[in-house]
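One structure is given here, and the rest of the page talks about it.
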2 protein chains.
Amino acid sequence: MLLSKSCLYGVRAAMYMATLEQSEYVTIQQISEKLNISFHFLTKILQTLTENNIMVSYRGPKGGVALAKPSKDIRLIEIVDAIDGTHIFSECIFGLPGCGNMTPCPLHGEWEREREKIRRMFSDTTLAMLADKINVFNLRISDTDSAPINAKLLKSLTITHRKRK
Amino acid sequence: MLLSKSCLYGVRAAMYMATLEQSEYVTIQQISEKLNISFHFLTKILQTLTENNIMVSYRGPKGGVALAKPSKDIRLIEIVDAIDGTHIFSECIFGLPGCGNMTPCPLHGEWEREREKIRRMFSDTTLAMLADKINVFNLRISDTDSAPINAKLLKSLTITHRKRK
DNA sequence: AGCATTTCAGACTCTTTTATCTTAAAATAA
DNA sequence: TTATTTTAAGATAAAAGAGTCTGAAATGCT
């Protein structure tokens with residue numbers, strides 16, 4: 001698994017909040033129920049995101065968490081970096097410490113290119129983009145509800161979105 | 001980490017054996033010392049590879065393990081599939097079960113493309129190719145010995161190898 | 001002020017992965 | 001046969017990841 005479970009939960013929570021697109025606080029309880037994630041576990045994860053200024057939190061009644069910035073200004077890579085760390089995208093594919101341009105492993109160059117593409121995928125994607133897709137196509141974000149969609153329609157969007165870059 | 005430690009160790013051991021390119025058995029003891037991997041742990045990993053017909057083993061004096069086929073006929077993907085399983089390259093990036101073309105997650109299309117490229121990287125690479133690189137450029141395969149190389153020279157090889165496809 | 005609500009902080013448990021240790025089994029050579 | 005070398009197999013231990021629980025701190029409401 002490329003991303004840890006904590007990271008996946010954090011991303012999914014952030015996507016959910018982006019789909020609401022409201023300036024009010026949402027309780028972690030609500031998010032955990034909607035996404036079918038353990039409340040206490042999610043609490044810990046979202047704490048990390050508030051520490052990293054991706055979310056803001058407020059205690060007490062009417063409290064909860066909210067995105068710290070408009071969803072169009074939050075990129076997936078910020079969340080991944082905050083929770084799983086930046087090393088994912090600098091690590092040797094064979095786990096060799098010190099693998100780099102000067103002392104490369106046999107697949108260093110190839111993997112460097114691939115992991116850079118993945119990183120770009122994460123940094124090219126904003127929460128707003130994801131939220132749009134989720135709303136327009138009723139895409140799945142939880143592991144419980146299924147959301148059968150118009151696959152052909154989605155494909156066309158995906159390609160368009162790619163070409164724009 | 002994309003690949004488990006077991007998988008990394010298995011790949012490194014296979015690469016090492018490919019650099020020797022001899023038809024005789026190599027003891028796991030020797031491999032573990034050369035690559036600085038726990039002997040008993042490596043033994044278990046290589047057992048998996050013999051079960052999957054990637055290596056053959058022989059007990060007793062003069063025994064050890066050997067590649068089951070010429071190194072040019074063994075592709076990296078075989079080792080990865082044998083140890084970490086094939087699910088790596090079919091998994092949803094957000095870990096959502098059932099994510100697919102009919103019920104996709106918001107990044108399904110993008111990730112499907114990337115993971116397919118990674119899989120291709122593994123299936124395009126044979127042990128012989130890796131062994132060649134290691135021998136010619138004295139590349140590192142262990143975490144102990146460092147092997148400073150001619151970076152510019154390597155880069156040219158890497159690009160050539162890419163263009164051939 | 002007192003109470004209910006909600007995040008925060010830390011300790012704790014459970015599970016999986018990683019690693020080690022011990023003994024058995026197989027093959028070889030003397 | 002017997003000693004030796006080596007993989008096979010299983011039990012156990014350590015570390016990391018995933019998840020749970022409890023109490024404290026902050027906030028709003030009555």
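What you see is a predicted model, and the numbers here were worked out from it, not measured in a lab. All chains are named by letter (A, B, ...) in the order of the sequence lines, taking the proteins before the strands, and each is independently numbered beginning at 1.
If A:Val26 and B:Ser6 are placed on DNA chain C by their nearest nucleotide, the residue sitting closer to the 5' end is A:Val26.
Across the protein-nucleic acid pair, A:Phe41 atom CZ and C:dT7 atom P stand 17 Å apart, rounded to whole Å. In this structure, CG of B:Leu3 is placed 11 Å from P of C:dT18, rounded to the nearest angstrom. If you measure from atom CD1 of A:Ile37 to atom C1' of D:dG19, you get 12 Å, rounded to the nearest angstrom. Rounded to whole angstrom, the span from the CD atom of A:Glu24 across to the C1' atom of D:dG28 amounts to 14 Å. Rounded to an integer number of Å, the gap from CD of B:Glu51 to P of D:dT7 is 15 Å. A straight line from CD of A:Gln30 to P of C:dT6 spans 10 Å, rounded to a whole angstrom. The NZ-P distance, from B:Lys5 to D:dG17, rounds to 10 Å in whole Å. Distance A:Leu2 CG to D:dG17 C1': 16 Å, rounded to the nearest Å.
Put simply, the side chain of A:Val65 does not reach to within 4.5 Å of the side chain of A:Leu49, judged on heavy atoms. Residues A:Met1 and A:Leu8 form a side-chain contact, since some pair of their non-hydrogen atoms from C-beta on lies under 4.5 Å apart. Taking the side chain as every heavy atom from C-beta outward, B:Ile31 and B:Ile37 never approach each other to under 4.5 Å.
In this structure, B:Tyr9 does not reach the C:dT18 phosphate: none of its side-chain N or O atoms is under 4.0 Å from OP1 or OP2. OP1 or OP2 of C:dT20 lies within a sub-4.0 Å distance of a side-chain N or O belonging to B:Ser38. Contact annotation: B:Ser57 reaches the phosphate of D:dA8 (side-chain N/O to OP1 or OP2, under 4.0 Å). Proximity of A:Ser4 to the phosphate of D:dG17: no side-chain N or O atom is located under 4.0 Å from OP1 or OP2.
Remark: A:Arg75 engages no residue in a salt bridge (charged side-chain N to carboxylate O under 4.0 Å, His left out) (not counting sequence neighbours).
Counting any heavy atom pair closer than 4.0 Å across all strands shown, B:Leu46 reaches no nucleic acid atom.
In summary, the side chains of A:Glu33 and A:Gln29 do present a donor paired with an acceptor at a separation below 3.5 Å, with no hydrogens or angles considered.
Residue B:Lys44 places no side-chain atom within donor-acceptor reach of the base of D:dT7, judged by atom type and a 3.5 Å distance cut-off alone.
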Next on the checklist: At under 4.0 Å between heavy atoms, how does the protein contact nucleotides 22-30 of chain C? Give one character per nucleotide, 5' to 3', with B, S or -.
Outcome noted: B--BSBB--

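Here the side chain of A:Thr103 pairs a donor or acceptor atom with the backbone of A:Gly98 at under 3.5 angstrom.
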Only pairs under 3.5 Å count here: list side-chain donor-acceptor contacts from residues 84-96 of chain A, not counting sequence neighbours, and write none if there are none.
{"residue": "A:Asp84", "atom": "OD1", "partner": "A:Ser4", "partner atom": "OG", "Å": "2.5"}
{"residue": "A:Asp84", "atom": "OD2", "partner": "A:Ser4", "partner atom": "N", "Å": "2.8"}
{"residue": "A:Asp84", "atom": "OD2", "partner": "A:Ser4", "partner atom": "OG", "Å": "3.4"}
{"residue": "A:His87", "atom": "ND1", "partner": "A:Asp84", "partner atom": "O", "Å": "3.4"}
{"residue": "A:Ser90", "atom": "OG", "partner": "A:His87", "partner atom": "O", "Å": "3.2"}

